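In what follows, every heavy atom counts, from backbone to side chain, and hydrogens, waters and symmetry copies are set aside. Predicted, not measured: the structure shown is a model, and the values here were computed from it. All chains are named by letter (A, B, ...) in the order of the sequence lines, taking the proteins before the strands, and each is independently numbered beginning at 1.
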Amino acid sequence: MANVDKEFVKEITPRAVDFSQWYLDMVLKAELMDYAPVKGCMAIRPYGYAIWENIQRLLDGRIKATGHKNAYFPLFIPQSLLQKEAEHVEGFAPEVALVTQGGGEELTEKLVVRPTSEAIICSMYAKWVQSWRDLPLLINQWCNVVRWEKNTRPFLRTSEFLWQEGHTVHATEEEAEAETLQMLGVYKDFVENELAIPVVAGRKTEGEKFAGALRTYTIEALMSDGRALQAGTSHNLGQHFARVFEIQFQDKDDTLKYAWQTSWGVSTRLIGALIMVHGDDRGLRMPPQVAPVQVVIVPIIAKKSKEEVLAKARVLAERLGQTWRLELDEREGYSPGWKFNEWEMKGVPLRLEIGPRDLENGGVTAVRRDTGEKVFVAEAELEQRLPLLLKGIQEGLFAQALQFRRENTRQAVSYAEFKEIIAEKRGFVLAHWCGEPGCEEKIKEETRATIRCVPLEEIDGGEGPCIFCGRGRGKKVYFARSY
RNA sequence: CGGGGUGUGGCGCAGCUUGGUAGCGCGCCUGGUUUGGGACCAGGAGGUCGCAGGUUCAAAUCCUGUCGCCCCGACCA
């Protein structure tokens with residue numbers, strides 16, 4: 001019908017109308033989360049949590065493959081511990097939640113609900129590290145953290161969120177730096193290959209680095225509204241924490257040395273990135289690698305052939321369910337069209353329709369979520385075709401996101417042009433920067449764009465005068481407005 | 001924390017200006033007919049209108065206070 005397109009989206013605000021409302025429609029209507037009674041806190045619903053479980057499984061494998069082991073540290077941190085590292089406390093103090101009472105009595109020392117675990121973990125590491133033989137110490141934990149944010153948004157910025165945080169200790173600065181970069185590489189590989197989100201890897205400026213770190217590296221992704229999102233960070237902590245927490249070891253040369261440390265993390269924010277990078281006006285588009293449901297079978301039931309169709313659908317579901325995360329939608333009382341829309345909204349990569357026509361033809365109709373393309377697949381070829389189709393969707397989503405990023409990464413040659421791009425087109429802007437924090441700060445004030453990172457990869461254009469002050473010589477850096 | 005908005009069945013809203021004891025759509029339940037892109041008919045359940053005071057014979061409606069949530073800024077994964 002003529003208004004079919006309108007019908008598809010009647011419950012979803014189009015992205016072009018109000019991106020932020022679209023995002024909220026997505027997280028609520030796809031049942032990823034629901035608002036909880038406390039500000040900024042959300043219940044992650046099964047469909048959303050399944051994404052997180054897939055992220056955990058795939059990333060955890062990579063973390064372990066690089067020699068790290070999982071452990072768990074306490075939720076509560078004595079306030080005095082957090083206060084040991086000056087920059088660290090300054091960075092986090094404004095957003096910590098404090099426990100002042102326990103068992104109905106005032107606590108003698110207030111407890112911080114961890115906003116990050118450097119302090120508590122370092123206090124333990126001080127006990128565990130004695131000798132060079134104890135190093136490197138490579139530990140990761142999956143947990144929740146609490147940051148009392150003023151402005152919250154589901155998955156992107158919540159008062160409590162889930163993440164993993166790796167904390168490692170090394171004998172030398174070189175080793176720590178190598179670890180920091182290795183984990184950044186792990187993140188980039190993971191985000192690009194599993195989440196199908198292209199990222200720029202780079203270093204944060206002094207102004208943007210982690211509170212207490214020597215250097216912070218980041219992977220930055222571009223959302224489809226042209227704003228950037230920090231998708232993961234890896235910090236070289238230097239010896240800052242080792243000195244205040246007295247993490248010392250006796251080296252091979254008999255001398256007592258402070259250790260070198262790193263920390264690195266990604267959070268449930270990645271789910272927000274998945275939504276904003278791949279989603280369209282019909283709903284989510286989940287990359288097959290992390291999709292809670294990779295394949296959905298929708299039987300097309302007509303009175304005459306009901307039993308036959310259902311029987312075949314069940315057989316196929318059983319068979320294909322061995323390999324894929326698969327759902328057979330047998331619900332009665334919903335029309336096929338309704339189910340199509342529902343599963344499209346939930347972003348299931350591949351839909352298999354089985355109806356009387358398909359039975360006659362001896363196969364199923366497969367429909368790709370990314371392109372909408374319909375193809376007939378003979379039953380005998382399912383095991384062979386499905387992996388190819390899903391691989392094609394995974395790669396297709398990445399390719400689309402990469403193309404979008406290319407089209408929305410612009411070079412600015414003058415500050416006027418820079419301002420215009422940021423104001424009207426958004427996206428990444430590559431421009432020379434002299435390295436002065438003052439220029440960075442003024443650009444931020446005037447355009448709300450920040451330096452997302454100083455890219456690790458070589459960028460065409462080499463060094464040049466600063467986009468803002470016109471002086472000095474600096475590399476090209478990525479600017480953007482960000483989440 | 002500043003600016004704006006908003007709280008009424010599960011969801012989205014109307015009712016408030018001009019007080020009279022709550023309504024619509026969707027969803028939900030039951031039965032039936034349907035089912036290749038959000039089906040239809042019939043019947044039904046469900047709300048002391050965020051909370052607390054006040055005014056009044058009477059408050060969803062007027063007044064005061066308070067809390068939550070959302071959006072836009074400043075700060076952060």
Side-chain angles (χ1 to χ4, degrees), chain A residues 1 3-13 18-21 23-25 28-29 31 34-42 90-96 115-116 144-165 187 204 207-211 216 218-221 229-235 263-273 282-283 298-306 309 331-345 351 353-360 364-365 367 372 374 444-445 448 450 481-483:
Chain A
M1 297 289 97
N3 61 351
V4 153
D5 282 340
K6 248 168 86 180
E7 285 298 302
F8 278 134
V9 299
K10 68 179 178 188
E11 290 179 347
I12 304 173
T13 307
D18 184 344
F19 190 83
S20 149
Q21 189 57 52
Y23 179 81
L24 290 168
D25 285 350
L28 289 167
K29 288 177 176 150
E31 298 186 336
D34 199 2
Y35 290 104
V38 180
K39 175 181 164 63
C41 291
M42 58 176 180
E90 201 182 316
F92 284 101
E95 55 189 46
V96 298
T116 179
N144 59 341
V145 288
V146 168
R147 298 183 187 176
W148 220 254
E149 302 287 353
K150 304 242 162 57
N151 203 357
T152 57
R153 250 161 179 265
F155 293 110
L156 298 175
R157 189 175 302 104
T158 45
S159 301
E160 177 192 12
F161 58 94
L162 306 181
W163 76 346
Q164 59 69 219
E165 47 178 331
Y187 285 157
K204 284 289 186 191
E208 298 278 333
K209 76 176 185 186
F210 177 74
T216 289
T218 177
I219 49 171
E220 296 285 326
L229 184 78
Q230 181 173 305
T233 47
S234 185
H235 317 290
S263 69
W264 27 273
V266 301
S267 72
T268 33
R269 171 179 266 195
L270 287 177
I271 295 174
R282 286 188 186 187
V298 178
I300 315 294
I301 296 163
K303 210 160 44 174
K304 303 170 295 237
S305 52
K306 179 175 177 181
V309 165
R331 287 177 295 175
E332 298 198 20
Y334 292 94
S335 68
W338 194 94
K339 291 180 181 178
F340 296 166
N341 284 295
E342 161 112 335
W343 292 111
E344 279 172 7
M345 184 181 73
R351 176 174 79 240
E353 303 174 11
I354 305 176
R357 282 208 305 265
D358 303 291
L359 281 190
E360 265 176 49
V364 302
T365 303
V367 186
K374 292 192 181 191
K444 185 176 172 181
E445 272 172 34
R448 282 160 54 206
T450 51
R481 286 191 188 166
S482 75
Y483 276 95

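The CH2-C1' distance, from A:Trp148 to B:rC75, rounds to 16 Å in whole Å. Atom CZ in A:Arg331 sits roughly 12 Å away from atom P in B:rC29 (whole-Å rounding). B:rA39 atom C1' lies 14 Å from atom CD1 of A:Ile301, rounded to whole Å. The distance from atom NZ of A:Lys339 to atom P of B:rU34 is 17 Å, rounded to the nearest whole Å. Distance, A:Glu90 CD to B:rC76 P: 11 Å, rounded to whole Å. Residue A:Glu220 contributes atom CD, which lies 10 Å from atom P of B:rA77 at whole-angstrom precision. Note: CZ (A:Arg351) to C1' (B:rG37) measures 8 Å, nearest angstrom. Regarding A:Gln21, its CD atom lies at a distance of 17 Å from the P atom of B:rG5, rounded to whole Å.
Scanning for salt bridge (Lys or Arg N to Asp or Glu O under 4.0 Å) contacts around A:Arg331 gives A:Asp329, A:Glu342, with sequence neighbours left out. Not a single side chain to side chain donor-acceptor pair (under 3.5 Å) links A:Asn151 to another residue, sequence neighbours left out. Every residue two or more places apart in sequence or in another chain that forms a ring-ring contact (aromatic ring centres under 6.0 Å, His included) with A:Trp338 is listed here: A:Tyr334. For A:Glu90, there are no salt bridge (Lys or Arg N to Asp or Glu O under 4.0 Å) partners, not counting sequence neighbours. Every residue meeting the salt bridge (Lys or Arg N to Asp or Glu O under 4.0 Å) condition with A:Arg351, not counting sequence neighbours, appears here in chain and number order: A:Glu344, A:Glu353. With sequence neighbours left out, A:Thr450 forms a side-chain contact (heavy atoms from CB on, under 4.5 Å) with A:Glu208, A:Lys444, A:Arg452, A:Ser482. Remark: A:Phe340 engages no residue in a ring-ring contact (aromatic ring centres under 6.0 Å, His included) (not counting sequence neighbours). Contacts of A:Lys29 classified as salt bridge (Lys or Arg N to Asp or Glu O under 4.0 Å), with partners at least two apart in sequence or in another chain: A:Asp25.
Panel note: side chain A:Arg269, backbone A:Leu156; a donor-acceptor pair is recorded below 3.5 Å.
Taking atom C1' on both nucleotides, B:rG47 is separated from B:rC13 by 14 Å, rounded to a whole Å. Of the P atoms belonging to B:rG20 and B:rC62, the separation is 11 Å, rounded to the nearest Å. To the nearest whole angstrom, the two C1' atoms, one in B:rC41 and one in B:rC57, are 47 Å apart. Remark: the separation of the P atoms in B:rU66 and B:rG2 is 13 Å, to the nearest Å. Distance noted for atom C1' between B:rU30 and B:rU17: 43 Å (whole Å). Spacing between B:rG50 and B:rG10 at atom P, rounded to whole Å, works out to 13 Å. Nucleotides B:rA52 and B:rU61 are separated by 12 Å at their P atoms, to the nearest Å. The P atoms of B:rC70 and B:rG44 are separated by 39 Å, rounded to the nearest whole Å.
Contacts of A:Gly265 with the nucleic acid, taken as non-hydrogen atoms under 4.0 Å apart, are absent. If you check every strand for non-hydrogen atoms under 4.0 Å, A:Thr158 touches a base. A:Leu28 comes within 4.0 angstrom of no nucleic acid atom, judged by non-hydrogen atoms across all strands. Residue A:Thr152 is in sugar-phosphate contact alone, with no base atom involved, counting any heavy-atom pair closer than 4.0 Å across all strands shown. The residue A:Thr365 sits close to a base: some heavy atom pair falls under 4.0 Å. Using a 4.0 Å heavy-atom cutoff across all strands shown, A:Thr233 reaches no nucleic acid atom at all. Counting any heavy atom pair closer than 4.0 Å across all strands shown, A:Gly372 reaches no nucleic acid atom. Using a 4.0 Å heavy-atom cutoff across all strands shown, A:Pro94 reaches no nucleic acid atom at all.
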Fill in the blank from the handout: With sugar-phosphate taken as primed atoms, P, OP1 and OP2 and all else as base, the protein-contact string of nucleotides 40-45 of chain B at under 4.0 Å (heavy atoms; B, S, -) is ------

Problem - Contact pattern, 5' to 3', of nucleotides 6-12 of chain B - B, S or - by protein heavy atom under 4.0 Å - result: -------

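Closest to the side chain of A:Glu344, out of B:rA77, B:rG37, B:rC72, is B:rG37. Ranking B:rG36, B:rC76, B:rU35 by closeness to the A:Glu353 side chain, first place goes to B:rG36. Of the candidate nucleotides B:rG38, B:rC76, B:rG36, B:rG38 has the atom nearest to the side chain of A:Asn341. Of all nucleotides listed (B:rA77, B:rG36, B:rC71), B:rA77 comes nearest to the side chain of A:Glu149. When the nucleotides B:rG36, B:rC76, B:rC71 are ranked by their closest atom to the side chain of A:Pro336, B:rG36 comes out on top. Of all nucleotides listed (B:rG38, B:rA74, B:rU35), B:rU35 comes nearest to the side chain of A:Ile300. Listed nucleotides B:rC1, B:rG36, B:rA77 differ in distance to A:Lys150; the shortest reach to its side chain belongs to B:rC1. Listed candidates were B:rC76, B:rG37, B:rG73. Nearest to the side chain of A:Lys374 is B:rG37.
Side-chain atoms of A:Arg147 and base atoms of B:rC76 include no donor and acceptor less than 3.5 Å apart. For a distance-only test at 3.5 Å, the side chain of A:Arg282 fails to qualify as a donor-acceptor partner of the base of B:rG38.
The aromatic rings of A:His235 and A:Phe210 sit parallel to each other, their planes meeting at less than 30°, with 60° as the upper class boundary.
Distances shorter than 4.0 Å separate none of the side-chain N or O atoms of A:Lys209 from OP1 or OP2 on B:rC76. Residue A:Ser335 has a polar side-chain atom (N or O) positioned under 4.0 Å from OP1 or OP2 of B:rA39. For A:Lys303 and B:rU34, the shortest distance from a side-chain N or O to OP1 or OP2 is below 4.0 Å. When the side-chain nitrogen and oxygen atoms of A:Arg153 are compared with OP1 and OP2 of B:rC72, one or more of them lie within a distance under 4.0 Å.
Nearer the 5' end of RNA chain B, as judged by each residue's closest nucleotide, is the contact made by A:Tyr35, out of A:Arg448 and A:Tyr35. Each of A:Glu160 and A:Ile354 lies near RNA chain B, and the nucleotide nearest A:Ile354 is the one positioned closer to the 5' end.
A:Arg357 and A:Thr365 are not linked by any side-chain donor-acceptor pair at a separation below 3.5 angstrom, with hydrogens and angles left out of the test.
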Would you tabulate the pairs of protein nitrogen or oxygen atoms and nucleotide nitrogen or oxygen atoms of nucleotides 26-28 of chain B closer than 3.5 angstrom?
residue, atom, partner, partner atom, Å
B:rC28, OP1, A:Tyr334, OH, 2.7

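Ring stacking holds between A:Phe161 and B:rA77, with the centres under 5.5 Å apart and the planes within 30 degrees of each other.
Closest heavy-atom contact between A:Leu229 and A:Ala273: CD2-CB, 3.5 Å.
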Fill in the blank from the handout: For RNA chain B, the expected dot-bracket line (Watson-Crick or G-U under 3.5 Å, [ ] crossing, | inter-strand) is ((((((((.[[[[.)....(..]]]].((((((.....)))))).....[[[[[..)....]]]]])))))))....

